[in-house]
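Here the structure is a predicted model, which means the values were calculated and not measured. Letters A, B, ... mirror the listed sequences (proteins, then strands); counts begin at 1.
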Amino acid sequence: MDENIAEAIVAAPEADASDAVDAETFRVKMTTRNVNVHYAEKHALRDVTLDIGEREVTALIGPSGCGKSTYLRCLNRMNDTIDICRVTGRLELDGQDIYDDSVDVVQLRASIGMVFQKPNPFPKSIFDNVAYGPRIHGLVSDRADLDQLVEQSLRKAGLFDEVKDRLGDPGTSLSGGQQQRLCIARAIAVGPEVILMDEPCSSLDPIATARIEELIDELRQNYTIVIVTHSMQQAARVSQKTAFFHLGDLIEQGETPQIFTNPRDEKTQGYITGRFG
Amino acid sequence: MNYGAILATLLVLTVIGFYLGRGRARAAAGAPTRLHSLPGYYGAHVAIWMALPAFALFLFWISFQSAIVEGMVWNGLPDRVAVLGEAKPKNALPAAQKQLLINNIRNYASGDIVSGEITDLVKQGAAAYRRLEVLSSWIMAAAMALLAAIGLLVTYRSISPAMRARNRVERVLLLLLMVASTIAILTTVGIVLSLLFEALAFFTKVSPVDFLFGLEWSPQTAIRADQVGASGAFGAIPVFTGTLLITVIAMIVAVPVGLFAAIYLSEYASRRVRATVKPVLEVLAGIPTVVYGFFAALTVAPLIRDAGAAIGLTVASESALAAGLIMGIMIIPFVSSLSDDIIIAVPQALRDGSYGLGATRSETVRQVVLPAALPGIVGAVLLGVSRAIGETMIVVMAAGLSARLTVNPFDAVTTVTVQIVTNLTGDPEFDSPKTLSAFALGLVLLLVTLCLNVIALRVVQKYREKYD
C-alpha cells in the first residue's frame, strides 16, 4: 500500500464517519447497466454496470485510455456531440432512462452539470459566465433574481469574496484555480442534481487543487458528484465510492477505504501501489 | 561572353570550393584537437565566400553596364550626326531625338527592329556598342574570377579545428533571409514612391483641396489649343462615393451569406458535407473577375432593370446595384473561408462547456462561439472590404463611367478603380491632369486599403493573443 495514500486516508477521518451515515441513508441516484461504447470500430467501454449514490462523491480512477472519461461523458450524453460515438446499455437518472427518445438532452444536461479538465470560461464577464445557464433556461424572471442567483452560485463555489468587486471583468482574467471555481459556479447556477467532473484539478497547482477538493467536499451536502481523477491521493481524499477502470473494463468498485486498503482485484492492487498506470 | 555561362562557371567553381574546403577540414581533423564544426560547414563557408561577392559584383555590373556603355558609344560618335536626313551638332540634339538615336543603335546591335532608316551612323554606333559590350563582360568575368579566388584563398587558409565555421555560416544565412524580406519591403516603398511622384505632379496642376473636397468629377480636358473642351473638374468626392456605395452593397451581400455559410460548415455540417461544400464554395474565389464582370453587365444588370421597371422604378442599365451584388458574390468565399477557419479555431472546450450547461447548438453558436470568434471575423470582413474597394474588372464592365454624386443604388455610378483604368488606358498624354489624376486616385486608394489592412491585422492579432 502506498504510504501517501495511507496518509491521505488517515488525514481525512471524517470520510469514515460520513461513510457510516451514508450506509444508512444510501440512495441510488444514477444506475448504469451493461454500458458499452464504441468509437467507430474501437470498443472503448465494455459492459460497465455501476450505481452512483446520491449526495456522495464517486471517484473514477484508472490509467489513461481506460474509458473513465468516456463513461463520465455517457452520464450526461456529451458523447452525442461526437459523430462516430455509439452508446448502448441502460443508463438511468432517478429511474428514468436518459437515452430514451422522449428525453430532451438539453434538459438532461441542465440537471447533470459538467466541469471539464481545463477551465473553460466563456469569453464573457465573470457575471455573464455564471448567468449564462440561468438565462438560456429562463430560470429567473428579473435582474434582481439573477443577481442573487449569480451571487449564491459564486458563494457556493467559494469564489464570491475574491471576485465581488470585479464581476464585470472577463472570466479569462482570473487565475487557473479561480477559473475552475468559476466553471463550477457556472454549473451550479443551473441547479443541477448531479455534477460530473473530468479531472478538474489536472491543470492546477497544489494550492488551487486543495481549494477545489475542499469545495467538492462541501458540495457533497447538496449534490451527487462523479469525479474522474488521475491522482489516487485525490480519489482517497474526496470520494466515498471508488470505481477502478482498466482498458475499457470496470475492474472493481466499492467503498473508497476498502479499495485503497484492501482491494480485491490484483490489477487494482497493482495500480494503486503504482506498479503500472 | 554569355551571362549564363559566367554564372554556370561560378557555380561549378563554388562547388569545387565546397569540396576543397571540406577536404581540408577533414584532413585537419586528424590533429589531436577535434573540429569545431562538421566538415560540411567548412566547405559551405568556402563556397559562400566564393559565390556571394562575385555574384554581388555581377548584379552591380549588369545594372550599370548599359548606361556606361551607352555613354561611351555616344562619346565615340562624330560631332555632327545625321538625324532625319539633316546633319546636326551632336550635343545640341533634343533629349527625345538623342534617346531615339541611342535606342536605334542598341536595337540594331541586338538585332531588333530599328525605327526609320538604317544609317551608317547607326551601323557605326552598333559596332562600337557590340565591341564595348563584349569587352565589358570579359572585364566583369575576370573581376568575378578574381573575387572568387580571393574568397577561396582567404577562407581555405583560415580552416583550422578552432575555426567556428558553423556559426559563420549561420550568420550569412541570417543575412540572406534579411535581404529576402527587405526586397518585399523595398518593392512596396518603390510602388508608393512612384505613385507619390506622379501624384505630386498632378497636385501642381490641381490643388489638393479641390481634389479631395470637390464635388464634381469630369476629367476631360482640351488636348489642343484649338479644341473646344472643358477645363476639367477633378473633385474626387463623387468617385469615392461611388466606390463606397458599391462596397456597401457588396458587403451587405457578402457578410451575412458568407458568415452563415461559415457557421453552417463549421458547426452543423457533417464531415462529408463539409469536405464537398467548402472546396465548391472556394471555387467561387477562383472565377476570374472579368467573368463576373460580364455576368454582371449582361445578365444581372438587365434583370434588375426589368424587375425595377415592372414595379415602376427607374433603374439605370448600369446600376450600382448590379455591380455591388456581383461583387458581393465574388467576396462570399473570402468571408466564408476565413471565418470558417476562425470559427473552427475556437476551442472545443468552450462548446463542450456550453453544451454541458444544456445549451442548444444555436445558443452555443450565438452566445459562445461567435463572441469568441468575433475579432477574427471582423478581420475577415475588413479584408473583404479591401477586396471590394480595390476590385476593378467587375465595376469597369458593370458600373459605368458617369461620376454622379448619389447614394441611390439604382443609378449608374463610377468608382475610383474605373476612373484609374479609363484615364490611363488608351493613348494618354503623360503630362495632362487627366492622366495624372489616375495616380492621385491610386495614392488615396492605396492609403485607404492600407489603413483597412492595418486595422484588420491588428484585430486579428488581438484575437490570437487570447487563445495561446
Side-chain angles (χ1 to χ4, degrees), chain A residues 69 72-73 75-84 104-125 128-139 170-173 179-180 182-192 194-198 203, chain B residues 259 262-278 339 341-380 458-468:
Chain A
S69 289
L72 191 77
R73 291 169 66 92
L75 295 177
N76 68 344
R77 293 183 57 176
M78 279 301 278
N79 284 332
D80 291 16
T81 58
I82 302 170
D83 286 342
I84 54 165
D104 177 5
V105 67
V106 167
Q107 287 302 319
L108 175 78
R109 290 192 192 132
S111 51
I112 305 180
M114 190 157 193
V115 176
F116 296 84
Q117 187 168 354
K118 216 176 145 230
N120 56 351
F122 300 139
K124 298 170 183 289
S125 70
D128 286 337
N129 260 283
V130 182
Y132 179 77
R135 276 182 180 144
I136 58 174
H137 293 294
L139 297 182
T172 44
S173 68
Q179 285 187 15
Q180 195 61 300
L182 178 64
C183 293
I184 293 175
R186 192 173 70 185
I188 292 172
V190 190
V194 181
I195 301 176
L196 310 177
M197 299 186 173
D198 191 354
S203 61
Chain B
L259 198 55
I263 291 172
Y264 171 71
L265 284 180
S266 58
E267 297 291 318
Y268 289 87
S270 71
R271 214 172 293 182
R272 266 231 312 285
V273 173
R274 187 182 145 80
T276 354
V277 173
K278 201 175 179 204
S339 308
D341 291 343
I342 289 154
I343 291 174
I344 291 273
V346 171
Q348 182 62 30
L350 286 184
R351 293 187 190 93
D352 283 349
S354 177
Y355 294 142
L357 290 169
T360 62
R361 242 179 203 188
S362 75
E363 283 164 350
T364 304
V365 168
R366 247 182 309 133
Q367 303 201 28
V368 176
V369 176
L370 284 188
L374 191 65
I377 291 172
V378 170
R458 300 273 321 227
V459 170
V460 172
Q461 223 168 32
K462 214 174 144 195
Y463 164 79
R464 291 259 159 78
E465 283 163 3
K466 218 159 156 186
Y467 289 111
D468 270 353

- What residue, out of A/Gln107, A/Lys124, A/Met114, A/Lys118, has the most heavy-atom pairs lying under 4.5 Å from chain B? A/Lys124
- Query: Would you find a donor on one side and an acceptor on the other, under 3.5 Å apart, between the side chain of A/Asp198 and the backbone of A/Ser69?
  - Reply: no
- Item | Donor-acceptor contact present, side-chain B/Glu267 to main-chain B/Ser362, <3.5 Å | no
- Between B/Arg351 and A/Asn120, do the side chains contain an N or O donor and an N or O acceptor separated by less than 3.5 Å? no
- Message: Please classify the contact between A/Pro121 and chain B as side chain, backbone, both or neither, with a heavy-atom cut-off of under 4.5 Å.
- Response: backbone
- Message: Counting only non-hydrogen atoms closer than 4.5 Å, does A/Ile112 touch chain B with its backbone (N, CA, C, O), its side chain (CB onward), both, or neither?
- Response: backbone
- With a 4.5 angstrom heavy-atom cut-off, could you sort out which part of A/Tyr132 is near chain B: side chain, backbone, both or neither? side chain
- Is there a donor-acceptor contact under 3.5 Å from the side chain of B/Thr276 to the main chain of B/Arg272? yes
- Item | Atom pair CD1 (A/Ile195) and CG (A/Asn76), whose distance is rounded to the nearest 0.5 Å | 12.0 Å
- Item | Region of A/Arg73 in contact with chain B, defined by heavy-atom distances below 4.5 Å | side chain
